[in-house]
Amino acid sequence: MSDGLFARLRSALEPGTDFTDVLAGAWGALGPTELARRRVIVGAGRPAALGDFFDVTGAGAGRIRFTGDLSGAQRLGADLSEGAVVIDGDVGDDVGLGMAGGSIEVTGRAGDRAGGAAPEARRGMSGGELVVRGSAGTEAGSRMRRGLLVVGGDVGARAGVGMIAGTIVVLGDAGTSAGLWSKRGSVVALGPVSIPSTYRYACTYRPAHLRLILGRARNRYELPLLDHHLSGPYRRYSGDLADLGKGEILVWTAS
């Protein structure tokens, strides 16, 4: 990202600082002064401005890069509908919560419910792309409706729990109970995965659509996806048979 806005952390964030309002709605055309006025919630409901913690510079061009330790930031990119967001380093829980468009790239780790759903929401991520280069916590992509979530490291338990549609790609360990209660959608496991008992083996094949999805993700985000991930065979498991049962877990296999 060579231009756009830059938000450099100036003072430490309290754990759980709520960023819900920072990138909600139309933000891509805002200049640094306007974005710095956007609200964050600190501690027990205390409102503050983004500019109280960050130096915001650059020009509004639908792009923003956050730098500094954002592990205390919660709900950054929640309900995102436009633009490209880069988070240099780690970020806290609920990054990309319920996002509907645009893209978020996290160069480090993410907390729980990355691209997931708020407890009161019927659905989580409904569009856009969320890429976490490091690990992610529990319930990544929970109740996902559409879009693409890629995790370069391991994920915690229940990735894609209650999925309605969309695609989750995990390069590391996909954890336990992946795809639990899924109605539709795909969990793509390039590393180890524990298949829930409510899934059934269907076939081994070379999914053409996955070549397109992974190829685009590799080119756009320079992810360490290899040619054999794009064109190799995958074991397909159908489920969750305790629900609608039209979802799938695709497991890359070397043979």
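Residues take their numbers from the sequence shown, with the count starting at 1.
Applying the 4.5 Å side-chain rule to ILVMFWY residues, one finds Val131, Leu148, Val150, Val169, Leu171, Val188, Tyr205, Leu210, Ile213, Leu214, Tyr221, Leu223, Leu225, Leu230, Tyr234, Leu250, Trp252 in the same cluster as Leu190. Other members of the cluster containing Trp181 are Val161, Leu180, with ILVMFWY side chains joined at under 4.5 Å, either directly or via other members. Other members of the cluster containing Ile41 do not exist, because no ILVMFWY side chain is joined to it at under 4.5 Å.
For Thr67, the side chain to side chain contact (heavy atoms under 4.5 Å, CB included) partners two or more places apart in sequence, or in a different chain, are Arg8, Arg65, Asp88. Arg10 is linked by a side chain to side chain contact (heavy atoms under 4.5 Å, CB included) to Asp55, counting only residues two or more places apart in sequence or in another chain. Residues meeting the side chain to side chain contact (heavy atoms under 4.5 Å, CB included) test with Ala159, sequence neighbours left out: Val155. In this structure, the salt bridge (charged side-chain N to carboxylate O under 4.0 Å, His left out) partners of Glu129, at least two apart in sequence or on a different chain, are Arg216, Arg220. Partners of Tyr237 according to the ring pair (Phe, Tyr, Trp, His ring centres under 6.0 Å) rule, which considers only residues two or more places apart in sequence or in another chain, are Tyr201.
Arg184 and Ile164 make their closest contact through CB-O, 3.0 Å (heavy atoms, listed as atom of the first residue, atom of the second, distance). Of all heavy-atom pairs spanning Leu149 and Met144, the tightest one is N-CE, 3.9 Å. Considering all non-hydrogen atoms of both residues, Ser142 and Gly116 come closest at OG-CA, 3.4 Å. Across all their heavy atoms, Asp173 and Val170 have their closest contact at O-CG1, 3.8 Å. Closest of all the heavy-atom pairs between Ala178 and Val193 is CB-CG2, 4.3 Å. The two atoms that bring Pro233 and Thr204 nearest to each other are CB-CG2, 4.0 Å, heavy atoms only.
Identified under the side-chain hydrogen bond (donor to acceptor under 3.5 Å, both in side chains) test for residues 147-157, with sequence neighbours left out: none. Among residues at least two apart or in separate chains, there is no salt bridge (charged side-chain N to carboxylate O under 4.0 Å, His left out) pair with a member in residues 195-207. Applying the side-chain hydrogen bond (donor to acceptor under 3.5 Å, both in side chains) test to residues at least two apart or on different chains, the pairs with a partner in residues 24-46 are Asp21-Arg39.
Between atom OG1 of residue Thr17 and atom CG of residue Leu50 there is a gap of 11.0 Å, rounded to the nearest 0.5 Å. A distance of 8.5 Å separates CD1 in Ile64 from CZ in Phe54, rounded to the nearest 0.5 Å. Expressed to the nearest 0.5 Å, how far CZ of Arg123 lies from CZ of Arg143 amounts to 12.0 Å. Atom-to-atom distance recorded for Ile87:CD1 and Ser71:OG is 11.5 Å, nearest 0.5 angstrom. Annotation: the span from Leu130 atom CG to Leu80 atom CG amounts to 9.5 Å, rounded to 0.5 Å. Taking NE2 from His229 and CZ from Arg211, the interatomic distance works out to 13.5 Å, rounded to the nearest 0.5 Å.
Taking 4.5 Å as the limit, some side-chain heavy atom of Val85 sits within range of a side-chain heavy atom of Phe66. In this structure the side chain of Arg63 never reaches within 4.5 angstrom of the side chain of Leu5, judged on heavy atoms. With a 4.5 Å cut-off on side-chain heavy atoms, Thr107 and Asp90 do not count as touching.
Listed for the Asn219 side chain is a donor-acceptor partner under 3.5 Å among the backbone atoms of Gly215. At distances below 3.5 Å, not a single donor-acceptor pair connects side-chain atoms of Asp243 with backbone N or O atoms of Ser182.
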Per-pair distances, 0.1 Å, donor-acceptor, side chain in residues 94-101, under 3.5 Å, sequence neighbours excluded:
from, atom 1, to, atom 2, distance (Å)
Asp94, OD1, Arg113, NE, 2.7
Asp94, OD1, Arg113, NH2, 3.4
Asp94, OD2, Gln74, NE2, 3.3

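Both Phe53 and Leu35 sit in one connected hydrophobic cluster of ILVMFWY residues. Membership requires side-chain heavy atoms under 4.5 Å apart, directly or through other members. Side-chain heavy atoms closer than 4.5 Å link hydrophobic residues (I, L, V, M, F, W, Y) into clusters, and following such links, possibly through other members, connects Val42 to Val91. Under the 4.5 Å side-chain heavy-atom criterion for grouping Ile, Leu, Val, Met, Phe, Trp and Tyr, Leu76 is connected to Leu30 within one hydrophobic cluster.
Side-chain N/O atoms of Thr198 and Asp240 include a donor and acceptor closer than 3.5 Å.
Evaluated for a side chain to side chain donor-acceptor pair (under 3.5 Å) with Ser186, the options His209, Arg236, Glu248 yield exactly one hit, Glu248.
Other residues, nucleotides and ligands place more than 12 heavy atoms under 6.0 Å from the CZ atom of Arg133.
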